[in-house]
There are 2 protein chains.
Amino acid sequence: MSSSKEQRFLKSAMDEYGAKTSTEQVVQWLAWRNREVVVRVSPTRLSQMKDWALEESSGRIRHSSGKFFSIDGIRVDTNWGTRPAWAQPIINQPEIGFLGCITHEFNGVLHFLIQAKVEPGNVNCVQLSPTLQATKSNYTRVHHGKSPKFLEWFTDRSRSRVLLDQLQSEQGARFLHKRNRNIIIEVDAEIPDDLDFVWLTLGQIKRLMTFDNAVNMDLRTVVSGIPFGQEGLGRNPASFAEAMHASATETQNHFLPIDDIISWFTDQKTKFDLQITPCDLWAIEDWELSDECLRHKGDQFFRVIWVDVEISNREVTFWQQPLVEPVREGIIAFVVKRIQGVPHFLVQAKLECGNFDILEFAPTVQCITGSYANSLKVLPYLEYVLTAQADQIRYDTRQSEEGGRFYHEQNRNLVIEADEDFPVACPENYQWMTLNQLLMFARFNNYLNIQARSLLSTLRFV
Amino acid sequence: MSSSKEQRFLKSAMDEYGAKTSTEQVVQWLAWRNREVVVRVSPTRLSQMKDWALEESSGRIRHSSGKFFSIDGIRVDTNWGTRPAWAQPIINQPEIGFLGCITHEFNGVLHFLIQAKVEPGNVNCVQLSPTLQATKSNYTRVHHGKSPKFLEWFTDRSRSRVLLDQLQSEQGARFLHKRNRNIIIEVDAEIPDDLDFVWLTLGQIKRLMTFDNAVNMDLRTVVSGIPFGQEGLGRNPASFAEAMHASATETQNHFLPIDDIISWFTDQKTKFDLQITPCDLWAIEDWELSDECLRHKGDQFFRVIWVDVEISNREVTFWQQPLVEPVREGIIAFVVKRIQGVPHFLVQAKLECGNFDILEFAPTVQCITGSYANSLKVLPYLEYVLTAQADQIRYDTRQSEEGGRFYHEQNRNLVIEADEDFPVACPENYQWMTLNQLLMFARFNNYLNIQARSLLSTLRFV
């Protein structure tokens with residue numbers, strides 16, 4: 001039964017096979033949606049924000065309702081990495097939100113109901129996003145607005161079957177302990193057409209991820225955890241897409257059994273401490289809070305800015321909010337190498353201050369918050385990734401972070417296939433895993449970080 | 001390879017099969033160890049404690065070194081259960097300790113190196129415990145004492161093979177986010193005999209759990225996560241021990257597939273919030289802090305007492321520490337029912353304030369901190385468990401909590417086999433799972449709580 005679910009996902013992942021609408025048409029439709037909407041995001045002052053303010057008693061910037069999110073200060077103490085202690089601002093949004101896709105079978109192939117969604121921080125206006133993207137504030141209607149479209153399909157469980165339902169983490173360097181519920185449901189009923197929505201196969205979603213910034217972070221994370229079963233292609237596949245199929249479905253030929261990976265990760269978690277203490281935003285050394293923004297004095301990492309947002313579509317809406325703006329573009333990359341004939345991913349056990357459980361599995365290289373030009377000689381594998389030959393680069397696009405919180409943040413996403421000489425031996429905080437093993441960990445809470453999931457979501461099969 | 005490891009565990013679990021020492025001799029040896037030692041635990045005053053004091057600045061009781069543990073105050077806000085907010089004292093010990101067993105093959109059967117360990121809070125003096133039981137303060141030697149015996153076998157990984165290595169949680173109502181590393185290693189080298197240690201098969205450890213308070217909590221949790229593979233006995237086994245074997249190894253016939261259990265648990269975690277805020281110990285309403293103890297004004301839950309400990313064995317040692325003393329005995333019970341011919345456990349998704357991740361899998365009935373006589377009509381399944389017929393009771397003993405933190409705390413441990421009429425339908429925070437599924441979850445972090453693991457550890461096979 002569960003293998004048939006996985007086979008249906010695999011079938012849907014086969015590029016345009018059985019697609020209701022051609023990918024060409026979808027690209028045109030997305031361009032049209034982008035022309036239709038006008039998004040004006042302009043800087044404002046903290047003192048000009050109607051509902052947001054610095055709260056003296058708690059030392060944080062929060063909404064007058066106490067809902068949505070707040071910008072907090074934290075002190076971090078850790079024995080991981082080279083920096084034992086620092087303080088920084090962080091987004092605090094302790095609720096678990098919904099990132100949900102409705103699916104339905106057309107032409108015998110599972111299609112995903114995808115929304116063309118506007119977010120203030122998007123570099124373009126509109127990106128492809130899950131059917132439902134709702135914070136708890138949204139779906140409990142703190143904003144007194146309309147209930148999000150299609151919400152009832154997710155809350156009334158008698159109307160659908162669950163295909164996937166996982167708690168997954170958000171960016172640990174930017175969010176404190178934030179998680180979302182990533183859920184895919186299947187609906188038998190016909191859903192009426194809607195101007196803002198389109199039905200896509202998983203293969204089409206993956207194809208659209210080869211474009212810069214077309215598929216938003218939320219959709220990438222929802223589809224990242226989809227398992228593809230155990231009926232593989234066997235060893236020594238020819239093309240990279242076949243090799244990915246093999247890595248996703250292979251259960252025997254791996255570098256380490258999963259219990260040994262758990263043991264390695266237990267050892268890593270035992271070694272490292274992460275202690276978080278709240279502190280007042282204005283008390284963070286190295287950071288400056290002014291009416292214009294909250295910034296690092298050395299212009300590192302990110303700034304928190306206050307903005308007026310005006311979106312004109314069929315109707316006009318206006319609001320204000322803080323947004324996090326990165327100081328520079330980052331890079332995330334997986335190095336993949338065939339071991340025992342099956343592609344393995346070089347996974348890093350990485351500590352980020354907002355992590356729910358000390359460490360998570362991160363890509364081989366993750367360099368989001370700092371300048372990676374300065375890290376070239378220091379950061380393992382960064383130089384290898386940046387100097388990879390063209391014929392080793394299996395994936396290279398720019399992908400956006402979530403536009404509801406981050407302003408014009410995009411990072412370079414790379415998948416590099418390592419040559420035969422690439423050493424299997426690696427530093428103790430790295431480990432080789434098949435895609436099948438990574439997808440096993442994805443089913444349980446807080447193993448794969450959002451950057452690792454973002455890269456995995458882009459992998460295409462034959 | 002991994003199935004052979006599991007088969008070896010299964011073989012070792014078969015009662016006295018191949019045992020180096022008879023269980024009878026072990027019981028005598030344990031009685032002798034108990035006679036040999038004199039433990040004096042006497043109440044003292046907080047003001048008489050040399051290294052422990054109430055710290056004004058943090059509002060907690062801590063050791064002058066800042067290590068070991070502290071007694072903190074917390075405020076709890078949650079929408080789970082009937083009580084939306086309260087404050088209470090809690091043990092704060094953020095380090096990950098070692099609970100480790102060394103194993104070695106004798107007569108072709110895996111044996112565990114078990115320690116007869118004295119703890120001040122034990123109702124008897126000596127209980128069977130893992131080879132190594134060490135807090136981070138122990139193994140980094142904050143107490144300036146000797147390094148714990150056999151520690152080096154666990155820290156130098158080249159000397160052993162890892163058979164199991166998991167992070168597992170402690171009591172969520174008593175500890176804030178506490179976890180230990182539960183690890184089993186296999187050593188080929190001969191280990192010299194030691195007066196305080198004995199080699200036991202897993203079957204013997206399980207047999208000794210049919211005695212009251214013979215096997216300590218730490219040993220019960222280490223062996224609770226041991227997987228037994230997938231080569232089962234098939235359906236409709238005759239005896240309960242055979243049925244447990246079937247439930248531990250069955251991978252097809254279950255009430256719900258594991259992904260559906262994950263979805264149910266995701267849904268439960270999404271529904272419930274748990275917010276913990278530190279508060280000063282003296283500011284907890286309903287609790288009274290005096291020089292004698294920290295107690296609930298209505299004499300509910302537990303007291304924190306300050307004690308002088310003197311242990312006379314081959315040498316005399318003396319120290320002082322706080323201990324947590326329960327107000328009354330508790331009860332934990334699993335109801336087991338055959339569904340599709342395979343025994344399933346009725347598991348509760350339970351919130352406890354110190355939980356690392358909101359909810360954990362708990363036994364069908366868990367009533368540790370309150371008076372369960374008063375809960376008879378309120379708490380689901382409690383009345384069923386307490387009125388079970390003799391021929392339904394598969395396990396019924398008193399087992400101790402960890403004597404290093406808890407004073408004379410023992411709880412009644414029950415496993416009840418439900419009759420055919422027992423309804424499969426259950427409240428939405430309960431779910432039926434096979435032992436095989438529970439052991440799958442045990443491999444990942446923070447799914448099974450310590451009470452559930454304690455009960456699972458007692459299950460015996462044929």
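We use all heavy atoms of the structure for the numbers below, so side chains are in, but hydrogens, waters and symmetry mates are not.
Considering only heavy-atom pairs separated by less than 4.5 Å from chain B, the leading option among A:Val162, A:Asn445, A:Leu163 is A:Asn445. If you tally non-hydrogen atom pairs under 4.5 Å between each of A:Leu164, A:Asp273, A:Asp267 and chain B, the highest count goes to A:Asp267.
One finds the CZ atom of A:Phe175 at 8.0 Å from the CZ atom of A:Phe69 (value rounded to the nearest 0.5 Å).
Here A:Tyr447 and B:Phe444 bring their ring centres to under 6.0 angstrom of each other.
Between B:Glu186 and B:Arg8, at least one side-chain nitrogen of the basic residue sits less than 4.0 Å from a carboxylate oxygen of the acidic one, meeting the salt-bridge criterion. The pair A:Arg62-A:Asp72 fails the salt-bridge criterion, with no side-chain N (NZ, NE, NH1 or NH2) lying under 4.0 Å from an Asp/Glu carboxylate O. The residues A:Glu428 and B:Arg157 are annotated as not salt-bridged, no charged nitrogen and carboxylate oxygen being separated by less than 4.0 angstrom.
Atom CD of A:Gln252 has 12 or fewer neighbouring heavy atoms from other residues, nucleotides or ligands inside a 6.0 Å radius.
No part of A:Asn180 comes within reach of chain B, as not one of its non-hydrogen atoms sits under 4.5 angstrom from that chain.
Among residues two or more places apart in sequence or in another chain, the side chain to side chain contact (heavy atoms under 4.5 Å, CB included) test is passed with A:Thr221 by A:Leu99, A:Gln168, A:Asn182, A:Ser224, A:Arg453.
Chain B is approached within less than 4.5 Å, heavy atom to heavy atom, by A:Phe356, A:Asp357, A:Ile358 from residues 350-360 of chain A, ordered by number.
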